[in-house]
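All remarks here apply to the structure that follows.
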There are 4 protein chains.
Amino acid sequence: MSLNTFGHIFRVTTWGESHGPALGATVDGVPPNVEITPEMLQVWLDKRKPGQNKFTTQRREPDEVEILSGVFEGKTTGTPVQLMIRNTDQRSKDYGDIVEKFRPGHADITYWQKYGIRDYRGGGRSSARETAARVAAGGLARAALDKLVPGIEIKGYMTQMGPHGIDRARFDWDQIDQNPFWTPDAVAADEWATYLDGLRKSGESVGAVIEVVARGVPAGLGAPIYGKLDTDLAAAMMSINAVKAVEIGEGMNAACLTGSANADEIYMGPNGPEYSSNHAGGILGGISTGQDVVVRFAVKPTSSILTTRKTITKAGEPAEIITKGRHDPCVGIRAVPVGEAMMACVILDHLLLHRGHVGENQGKIG
Amino acid sequence: MSLNTFGHIFRVTTWGESHGPALGATVDGVPPNVEITPEMLQVWLDKRKPGQNKFTTQRREPDEVEILSGVFEGKTTGTPVQLMIRNTDQRSKDYGDIVEKFRPGHADITYWQKYGIRDYRGGGRSSARETAARVAAGGLARAALDKLVPGIEIKGYMTQMGPHGIDRARFDWDQIDQNPFWTPDAVAADEWATYLDGLRKSGESVGAVIEVVARGVPAGLGAPIYGKLDTDLAAAMMSINAVKAVEIGEGMNAACLTGSANADEIYMGPNGPEYSSNHAGGILGGISTGQDVVVRFAVKPTSSILTTRKTITKAGEPAEIITKGRHDPCVGIRAVPVGEAMMACVILDHLLLHRGHVGENQGKIG
Amino acid sequence: MSLNTFGHIFRVTTWGESHGPALGATVDGVPPNVEITPEMLQVWLDKRKPGQNKFTTQRREPDEVEILSGVFEGKTTGTPVQLMIRNTDQRSKDYGDIVEKFRPGHADITYWQKYGIRDYRGGGRSSARETAARVAAGGLARAALDKLVPGIEIKGYMTQMGPHGIDRARFDWDQIDQNPFWTPDAVAADEWATYLDGLRKSGESVGAVIEVVARGVPAGLGAPIYGKLDTDLAAAMMSINAVKAVEIGEGMNAACLTGSANADEIYMGPNGPEYSSNHAGGILGGISTGQDVVVRFAVKPTSSILTTRKTITKAGEPAEIITKGRHDPCVGIRAVPVGEAMMACVILDHLLLHRGHVGENQGKIG
Amino acid sequence: MSLNTFGHIFRVTTWGESHGPALGATVDGVPPNVEITPEMLQVWLDKRKPGQNKFTTQRREPDEVEILSGVFEGKTTGTPVQLMIRNTDQRSKDYGDIVEKFRPGHADITYWQKYGIRDYRGGGRSSARETAARVAAGGLARAALDKLVPGIEIKGYMTQMGPHGIDRARFDWDQIDQNPFWTPDAVAADEWATYLDGLRKSGESVGAVIEVVARGVPAGLGAPIYGKLDTDLAAAMMSINAVKAVEIGEGMNAACLTGSANADEIYMGPNGPEYSSNHAGGILGGISTGQDVVVRFAVKPTSSILTTRKTITKAGEPAEIITKGRHDPCVGIRAVPVGEAMMACVILDHLLLHRGHVGENQGKIG
């Protein structure tokens, strides 16, 4: 089983390779009567699109999404929605070096060991290009959420590049869309620009931390024990290429806290329960509290760099390799819209699950 | 859908509440002809059992596991294995305080908001007591792994208590089973004993970091894209009570590294490919490399402390609460065998998946 | 994967063997706040219970069901419900004959060929005793349906025994519970009693046809394309031991009809659309119409008979076998409550699916 | 959840509407290294293709399949295979009549009642055109089976048209591909040609029975209890448009037999166990015996006929409707390759399941 599907009710199956004719997402479980157009999806794809500035790969593709099914007269019908993106930049080139050699830090060697065959062109199925399909599906999830729970807002941004974190005191929501790093800290944005330009010129790359927040999520979403909201978010984010860690709320730092410092106190607000703080990241016992749902994930530096690295060939011979070509010095940048898309899909999925299973039984407070 | 099942082929469904008559795990997809006895499972349950020393809850229960199905003459038959543990310490007591008030940091409020009904006794379904069922299932997974891939070793240990981490230079595998914290650093064990005793006496609690390693995992396990080995491990660990973060290999620190520092170089060893380092945590592209699979997770401090906390009642009135009773000053300790169990289940699940899907197609190197 | 679970949202996993300590059903996805007691489930188990008259197996077991989880103060909590039935009639006896020989028409040989191990006692997992767990789960489904869609009625009855069918002109709902065959035709009941008594005395057995009807099912249930209501009912009924065919509405006879004879015409009734006939069995395009949902299934004669049959041993040697012991001359009788239980589970499952996915979008007519 | 996926390991998700831009199948879990070309799939699509003779719909489309992913240099890579078929015959026409009126016997009314929106063009998602995607996926399954278990043969044929069944004494495998009805009885083929021509001219339609046989299936496939081979086949066949009944082996007739007449006796053949007869249809206890797997299903007459029928409009007003256009007088004809495709998918799925779960544990006989 290749398990190319995620979600319980809102189920997204992605397909396609980096250099095949097309890739896409088959999305099942879409609620009916949601207004959707290709243009509404394109907004999010454009945010992820490569080649927008010098900090992202220079592969130039329009990443134009086609809706092939499940939509009639501008509305979803409740049947599967097929979202297809043609690969247009399939340059005919010599792949000789990576045909026989495994690139360190890439999935070349494990795909070979697993399947005994691999599409080596641009990483094939293991390429981050697969995330374009997720972003398209995420756009559909956002549209459905807008209809079902108006007011949900999902926003991702970069909080750390290499060892350089943002200053939370300078956090500014309006800044996020104003810089190439989707960071809320304008000062950090400037500093990172210089830092990353240096790395880029030296053929190096660096990791990053992305935070994604969902505001306006109603209390009660999440399906304990093995479909907890945080469990599904952890899986969703870890499934993104190059991600090595996922944190909810306080994250790794929770280990350092005492019980009295960590547990968010509860009080009654005008519209229901509120909390004195949000160490929990909006989730208790796997179920949303109504606070902001806060997820962070760490993206490793891309392994495609201009440094000579030691490796082996399929024949087991020692070799050296330099990964030439068009690459991202910080793939974390383009992971921002992907993280948002995964958040949107997971929240919608749990909303649909909750409606089906629990219905009108929710407990009232006050 | 409550989603109380995990796994794709080796499927574990846990059931039961903290203070109901029993809890257990219904385990489907167990390979046939695996030798198993209750005693083999009991070893792992005893490791998790409460009341073993002053650092864990004083609830005293034998946690004795019964095998009710799926085993015939000491061997699994390939049919579902029912593992049941009776709750014996169901003291008749006054639950008055937590019936009406929500404990901060606990799932009381969200279960109420989700379901409109909750078994408040000891946290009901959200109690960490549910993890006993996982440990039993994990024992079964270990037995199956022993038969199918002899030599796999799975070991968990604590690497941080509160802000105090171990010194990796003192790492000693043989030390792990020699101290109440399952830590490989004997010096840290002594320091933590003093530290935790102080916290315990003051009615406080603290978080921890657990690391789980699987050695001898063959290359090729993991089902991209949405059943990656790291994805499933992230979900498995995040589903454990009180876990707030999961790291694979370098984890959050991957964000700080450059591409040349992070990507593990490859060379040919006597039995196949080897790597100069293991920043990847034994997983590339979601597929095992044959190196140690390394997962870490952070456990928040238990929210059951002897400090007065602000909260509200079901009626929405402000209130104060102190959580009396038997609790763990550092629940991370008892999370060690749980993390091991989840690792065993995930590895076995992917082994079975791989056998079915890929069969004999794996690529050879050298 | 043994696949011992059915249902999408209301998920029933059965476990246990004929002669093990217990068997049961782990039921996940139960809506919260449904009133349930063991007594409410026992009603249905008693209907299936063996040894009630001379026409069913003389194995005598109380089949008493225990609720081990998921219910608090008489109501479901939305967490998994564990329903356990102890096996009390595990006579210590000599199984010698069936240890080495495969009984014709039984699963002995295929379980051996599949698993390389089998619990031969009473058929082990392949025994129809497993259906007791389904009946318990079905009772839970009925209770949930009663709460969510008051007025749904689910009724099964026998329409054919051996070659002898009922006369539909004598169909009388009130008769169904008045005879040991659950048949609506009192005349047939008398005739069958004589017929079956003859078969029983000669050590023979015979097949039967069971019809199950669900009344009051709202229009709109069913999830095309691969979770159609009829698809799921076909799977549910075919999964019952000894079932060899499933029909919806007109069934096999649909092949004989012309288009004008078959398609039910539509007119407007006082409460919505009605139909001139019900060849469709209440389902169009996999979705319920609001008419009676009508399913029929054929049960083969039990293969446990007092006639000498030719077979082979595990060693491949030719052999003869007579299946002694306590058996049903017409297992179809006890399949009636099982068919009802499966219908209840499928209808509830689709109701929950529909609520989650479609919500308030249904189209109105008139 | 729309549940547009079937299969456990070999998972087929179909998408697309009758008159949208395209339809297709997203196939996950395909074993790697299977040789496949579009031409190999086209063979089966051509068998189902409309407009081949006067007995099938005159809609003329090439139904050309494109492979968009998962295949590299002519072999599957183990990643999802996207099979797309463009809809080329989307005539711009007036759908006025069926926009407001519900066609009796069609899914028009239930799709409306369920979703509150429907793509009425040609039946939209409920059109039998969806089965083209199944046939493409079935071609892929056949190729994988050919590699994994050489010698499996899957063949479908018509055994009854309207009330006219074949004479089994005239059964001739070589005849099946020689007539437009895929029937093994040449005499019946001639008689049916006359019979159907008469129905066609009068604007009528008629039902049919299709039988599908799989030869060479190894013993041991099937996953009790709820993934029995017969259970999954029942679901697979019932999910085909217009199917109203499914039989395994003896089918409905099993109800008429006595135990001694029904149970197939076992003897030892040169290559393993053999049976004196095949009432079981090659399946015992849900697991294949090694005999021919035999499934039959009844297809109702298409409801698109040239007779005036009574119905209602969306507004609930009484109306009359005649379904003009291009239709099949006996849709059963084109259901033959669809039934074969479903058989191929189910057998492959269970082969992969069996390999993963049971591995080398099968019991030997003799």
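We use all heavy atoms of the structure for the numbers below, so side chains are in, but hydrogens, waters and symmetry mates are not. Reminder, nothing fancy here: chain letters follow the sequence lines and each chain counts from 1.
Pro318(C) is not listed as a side-chain neighbour of Tyr267(D), based on a closest heavy-atom distance of 4.5 Å or more. Taking the side chain as every heavy atom from C-beta outward, Leu229(C) and Ile287(C) never approach each other to under 4.5 Å. A 4.5 Å side-chain heavy-atom check between Ile248(D) and Ile283(D) finds at least one atom pair inside the cut-off. Side-chain contact between Leu199(D) and Ser205(D): absent, with no pair of heavy atoms (C-beta onward) separated by less than 4.5 Å. Inter-residue side-chain proximity for Tyr195(D) and Pro163(D) is flagged as met; some heavy-atom pair is nearer than 4.5 Å.
Only the backbone of His106(C) comes within contact range of chain D, with at least one heavy atom under 4.5 Å from a heavy atom of that chain. Using a 4.5 Å cut-off between heavy atoms, Arg134(C) touches chain D through its side chain atoms alone. Only the backbone of Asp264(C) comes within less than 4.5 Å of a heavy atom in chain D; its side chain stays farther off. Heavy atoms closer than 4.5 Å to chain D are found in the backbone of Ala208(C), but not in its side chain. The contact between Asp230(D) and chain C is made by backbone and side chain atoms together, counting heavy-atom distances below 4.5 Å. For Lys314(D), the part lying near chain C is the backbone, with the side chain staying farther off; criterion is any non-hydrogen pair under 4.5 Å. No part of Thr13(D) comes within reach of chain C, as not one of its non-hydrogen atoms sits under 4.5 angstrom from that chain. Thr311(C) touches chain D through backbone and side chain together, each having a heavy atom under 4.5 Å away. With a 4.5 angstrom heavy-atom cutoff, Ile312(D) touches chain C via backbone and side-chain atoms both. In this structure, chain D has no heavy atom under 4.5 Å from any part of Leu233(C). Looking at Val209(C), both its backbone and its side chain come within 4.5 Å of chain D, counting heavy atoms on both sides. The part of His279(D) that comes within reach of chain C is its backbone (N, CA, C, O), which places non-hydrogen atoms under 4.5 angstrom from that chain. Residue Arg118(D): no heavy atom, backbone or side chain, is found under 4.5 Å from chain C. In this structure, the portion of Leu221(D) lying under 4.5 Å from any heavy atom of chain C is its backbone and not its side chain. There is no contact between Ser276(D) and chain C, counting heavy-atom distances below 4.5 Å. Heavy-atom distances place both the backbone and the side chain of Phe102(D) under 4.5 Å from chain C. Neither the backbone nor the side chain of Glu317(C) comes within less than 4.5 Å of any heavy atom of chain D.
Here the side chain of Asp108(D) pairs a donor or acceptor atom with the backbone of Arg103(D) at under 3.5 angstrom. The backbone N or O of Ala133(C) lies less than 3.5 Å from no partner atom in the side chain of Trp15(C), so there is not a single donor-acceptor pair. Using modelled atom types, no side-chain atom of Gln362(C) and backbone atom of Gly116(D) make a donor-acceptor pair closer than 3.5 Å.
With chain C as partner, the option from Glu250(D), Gln160(D), Glu130(D) having the largest number of non-hydrogen pairs under 4.5 angstrom is Glu130(D).
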